[in-house]
There are 4 protein chains.
Amino acid sequence: MSQPDMIKELLLAQDQDGKLSEKQVKILEAAVEIFSEKGYAATSTSEIAKKAGVAEGTIFRHYKTKKDLLMSIVTPTLTKVLAPFMARDFVKKVFENDHNSFEDFIRLLIKNRYEFAKKNLPIIKIFLQEIAFHEEIREQYKAIFNEQVKKKFFAIIEHFQEKGEITDLPPTTVIRLSITTVIGHLFTRFIVLPNQDWDDEAEIERTIEYIMKGLRKDER
Amino acid sequence: MSQPDMIKELLLAQDQDGKLSEKQVKILEAAVEIFSEKGYAATSTSEIAKKAGVAEGTIFRHYKTKKDLLMSIVTPTLTKVLAPFMARDFVKKVFENDHNSFEDFIRLLIKNRYEFAKKNLPIIKIFLQEIAFHEEIREQYKAIFNEQVKKKFFAIIEHFQEKGEITDLPPTTVIRLSITTVIGHLFTRFIVLPNQDWDDEAEIERTIEYIMKGLRKDER
Amino acid sequence: MSQPDMIKELLLAQDQDGKLSEKQVKILEAAVEIFSEKGYAATSTSEIAKKAGVAEGTIFRHYKTKKDLLMSIVTPTLTKVLAPFMARDFVKKVFENDHNSFEDFIRLLIKNRYEFAKKNLPIIKIFLQEIAFHEEIREQYKAIFNEQVKKKFFAIIEHFQEKGEITDLPPTTVIRLSITTVIGHLFTRFIVLPNQDWDDEAEIERTIEYIMKGLRKDER
Amino acid sequence: MSQPDMIKELLLAQDQDGKLSEKQVKILEAAVEIFSEKGYAATSTSEIAKKAGVAEGTIFRHYKTKKDLLMSIVTPTLTKVLAPFMARDFVKKVFENDHNSFEDFIRLLIKNRYEFAKKNLPIIKIFLQEIAFHEEIREQYKAIFNEQVKKKFFAIIEHFQEKGEITDLPPTTVIRLSITTVIGHLFTRFIVLPNQDWDDEAEIERTIEYIMKGLRKDER
DNA sequence: AATGAATGAGTATTCATTCAT
DNA sequence: GATGAATGAATACTCATTCAT
């Protein structure tokens, strides 16, 4: 039920000394579970305390406010959602090897994000819900995206456009269409119809094929 | 800011005699606006009352509970989101005219939903947020989708597959990929980057092209 | 279920012209029923209106306040509870006929009050409950008792003491003991154990005998 | 005004460890006082909080609901009202000493209950008022009476009937008449006319005499 | 560090009452 | 006379947060 890896990573992100109090783990686990089920606003701190098996006051020893607790969950996730594009050598790797194709790139992306979504589902749900209501989260996200991700993504798209692998639509549009399709797959897979029988291997390949065909340069 | 048409339609859905008390309109307008900004759980009835310019008690004369008020906003929207597929002669129209292509169908769909999204944005936001937290909304939505929409959509997809216009992937996958792309466009357009300069005509055409190419039958 | 006679008498007491609007009857019936079940404070006017089948406002056309409605039920009852002792010729009748005994008096009293309790139970319940909480009711009751009943009762007791039929205890004590026993019988009969099988004839005779023996003058 | 002994006993009944928070005492004192004056339904929790000198939330930390608070007052009283009859050796004591008379029994009862009523008046008032409106209280009372008191009382009455000390009326009737007279005395003394000058010693003896004579076996 | 009692502002909802129709 | 929409104060209860232990 609980996903200890996920929580451990959250804790590492929060407490660089690695001093993870046992109570703190319990609080985070409880918060993630309830926030993702009922939403931040509809969750009470006393509920979290009860599920975590700690006193109400203990939460506030570790997190100044309820919102602090939320942010301590959401902020590390923020970066991890975009993580693949933030690695320093990410673009370099894509470029340097001449026989890397756009398809390889998309396949890498889709599989990587599939694993990430699978592992971090509850936190991602919280993130998706709360970004709509908290300006700070939006700001943080935009900052990271604009400063660290945007340029790299553009570079990649333009690289493959120059190589003639994909259509010459405006890069913004290419990015929108491809990301949208990737996210749409994950969303359907994990949130809309998580209980349906999925042949994940096949579905991923079909999604890749759809993107590739959709973005293929018209040979004319 | 307020979208009177949208509210009027809500009221018509609620009160078939068209007896729209002025206060009731104000309450709905206020509720839609605040719910969509802050979310249902984070919105207080006193806030709604203040913005609507009515006494707090007045809200409860028209809606038994706060949740009732939410449902009176969401339920009519539920059907309208799926409306195009619920029209009786919808499938017939698609089929009967032999020169109707899959592209015509997608273009109709995408333009129609674009207009709908543009007009009903706040309510759609509420709907998207709250469907995650309220079992009843999910149930209602599933019921409508399964009973009224699913079969028709399958019929259409299979029709065009038989005509050889689109690829022979499982219809479920075809539906997922196309709907995902349409929704992804609207989501980016109206929610993620509503303030960006959009050349909507062009962007719609590009989206259609992407879907068409992505689903095109491999000629081999 | 409803006791129309009881209500009619209430109405007569309230409206000397006998103009009993149909709605007014319904309101009183509803109020008596709900007040006696749940108590005045726990009953809402909207509940009364609903049960009476009238609009909320209609109650306040006939009774200025909710308390007014209560008083219009309780006040006439006030006098009727003590009615036998208020009749002008009550004492005279007891005295004038030389062969009237104390036992006759007690028997008359006990039977008369038994019939009264049987017929007016719900109103009496209201009266008993609310006299504890409303100073006005207490004041009214004391006034009537002191001005109209006390002296007569004393006169009767002293009359039979002089005749040597009953013990020479202080009249206050005699009154307390006899009234207490009469009321105690009715209370057990109608409120504590109303559903038990009662042989009322026998039980009344036993009660009379108990009072008679308890108050008999010691022959010595 | 407040009766600390009474409250202390309530607290002991509620908290067997004797850990009586000071605030909790204040809350109970305030609740007893206001409930007994205005009745449960007409008393607001904010009023109790104010009189107790605590925050409104504090009440709900100790008692889940307002009704819980009422029950925590009424339930211990329930048993104490019937306490004399619940002692294990109660009947034995009455029987074993051959020269114990019915009069001794009644005198013991009447004096004991007089002291009890004197000490617990406000709580008894609450009990008497609220038993009329709360099914749970009635059920609890009936259960205790039927299981613990009824049989013993019958045994005592039948014992003295066999000894020829009291009349051969049905025991139910004997019980009704005697209890009614005892309660009637207390009711008049403490509730109807608490402010009158009472010669309690004398009045108690007169009441005992009335019961004894009323129930005496006719010698014939 | 951890507790949990205490707080008082805030919550959804109900209430008795008014008044235009 | 009767209605019922409208009110705003009041209600029981919850909340995030504080702080003495």
Side-chain angles (χ1 to χ4, degrees), chain A residues 19 21-24 26-27 41-50 52-69, chain B residues 19 21-24 26-27 41-50 52-69, chain C residues 19 21-24 26-27 41-50 52-69, chain D residues 19 21-24 26-27 41-50 52-69:
Chain A
K19 288 172 195 161
S21 129
E22 188 202 348
K23 304 261 173 191
Q24 208 164 341
K26 290 273 174 63
I27 291 168
T43 300
S44 74
T45 49
S46 80
E47 205 180 350
I48 296 171
K50 201 188 288 173
V54 304
E56 293 185 49
T58 307
I59 292 176
F60 292 90
R61 186 150 299 280
H62 294 282
Y63 305 93
K64 262 177 56 154
T65 64
K66 185 186 164 193
K67 185 141 195 181
D68 243 50
L69 174 55
Chain B
K19 288 172 195 159
S21 129
E22 187 204 348
K23 305 262 174 188
Q24 205 165 341
K26 290 273 175 64
I27 291 168
T43 300
S44 74
T45 50
S46 79
E47 208 178 348
I48 296 171
K50 202 185 287 175
V54 304
E56 211 169 339
T58 306
I59 293 176
F60 292 92
R61 183 155 291 278
H62 293 284
Y63 304 93
K64 261 171 68 118
T65 63
K66 186 186 162 194
K67 186 141 194 181
D68 240 51
L69 175 55
Chain C
K19 288 174 194 160
S21 127
E22 188 203 348
K23 303 261 173 190
Q24 208 164 339
K26 289 273 174 66
I27 291 168
T43 300
S44 75
T45 49
S46 80
E47 207 180 347
I48 296 171
K50 203 189 287 176
V54 305
E56 293 185 50
T58 307
I59 292 176
F60 292 90
R61 186 150 300 279
H62 293 283
Y63 306 93
K64 259 174 62 148
T65 64
K66 186 186 163 195
K67 187 143 195 179
D68 243 51
L69 174 56
Chain D
K19 288 172 196 160
S21 128
E22 187 204 347
K23 305 263 173 187
Q24 207 165 340
K26 290 271 174 66
I27 291 168
T43 300
S44 75
T45 50
S46 80
E47 208 178 347
I48 296 171
K50 204 186 286 175
V54 304
E56 210 169 341
T58 307
I59 293 177
F60 293 93
R61 184 156 290 278
H62 293 284
Y63 305 93
K64 261 170 68 117
T65 63
K66 185 186 162 195
K67 185 141 196 181
D68 241 52
L69 175 54

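To find a chain, count down the sequence lines: A is the first, B the second, and so on, and within it residues start at 1. Model, not experiment: these values are computed from the prediction.
- A close approach under 4.0 Å does occur between a side-chain nitrogen or oxygen of D/His62 and OP1 or OP2 of E/dA6.
- For the pair A/Thr45 and A/Leu69, the minimum side-chain heavy-atom distance is 4.5 Å or more.
- At whole-Å resolution of the value, CD1 in C/Ile27 and C1' in E/dA16 are 14 Å apart.
- With sequence neighbours left out, B/Lys50 forms a side-chain hydrogen bond (donor to acceptor under 3.5 Å, both in side chains) with no residue at all.
- In terms of phosphate contacts, B/Ser21 brings no side-chain nitrogen or oxygen within less than 4.0 Å of OP1 or OP2 of F/dA5.
- Closest approach of D/Lys23 to D/Gly53, counting heavy atoms only: NZ-O, 4.4 Å.
- Here F/dG8 presents its P atom at 18 Å from CD1 of B/Ile48, a figure rounded to the nearest Å.
- Here the P atom of nucleotide E/dT7 and the CD atom of D/Gln24 are 13 Å apart, to the nearest Å.
- To the nearest 0.5 Å, atoms CD (B/Glu56) and OG (B/Ser46) are separated by 5.0 Å.
- At whole-Å resolution of the value, OH in C/Tyr63 and C1' in F/dA2 are 15 Å apart.
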(request) Summarise how protein sits on nucleotides 11-21 of chain F as a single string, 5' to 3': B when a protein heavy atom is under 4.0 Å from the base, S for sugar-phosphate-only contact, - for no contact. (result) SBBBSBBB---
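- Distance CD1 (B/Ile59) to C1' (F/dA5): 14 Å, rounded to an integer number of Å.
- Between B/Ile27 and B/Ile48, the shortest heavy-atom contact is O-CG2, 4.0 Å.
- The local environment of NZ in A/Lys66 is crowded, with over 12 non-hydrogen atoms from other residues, nucleotides or ligands closer than 6.0 Å.
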(request) State the dot-bracket string of DNA chain E. Criteria: Watson-Crick or G-U wobble, both atom distances under 3.5 angstrom; notation: ( ) intrastrand, [ ] crossing earlier pairs, | interstrand, . unpaired. (result) .||||||||||||||||||||
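- Nearest heavy atom pair, residue A/Lys64 against residue A/Asp68, reads N-OD2, 3.6 Å.
- Here OG1 of A/Thr58 is found 7.5 Å from CZ of A/Arg61. Values are rounded to the nearest 0.5 Å.
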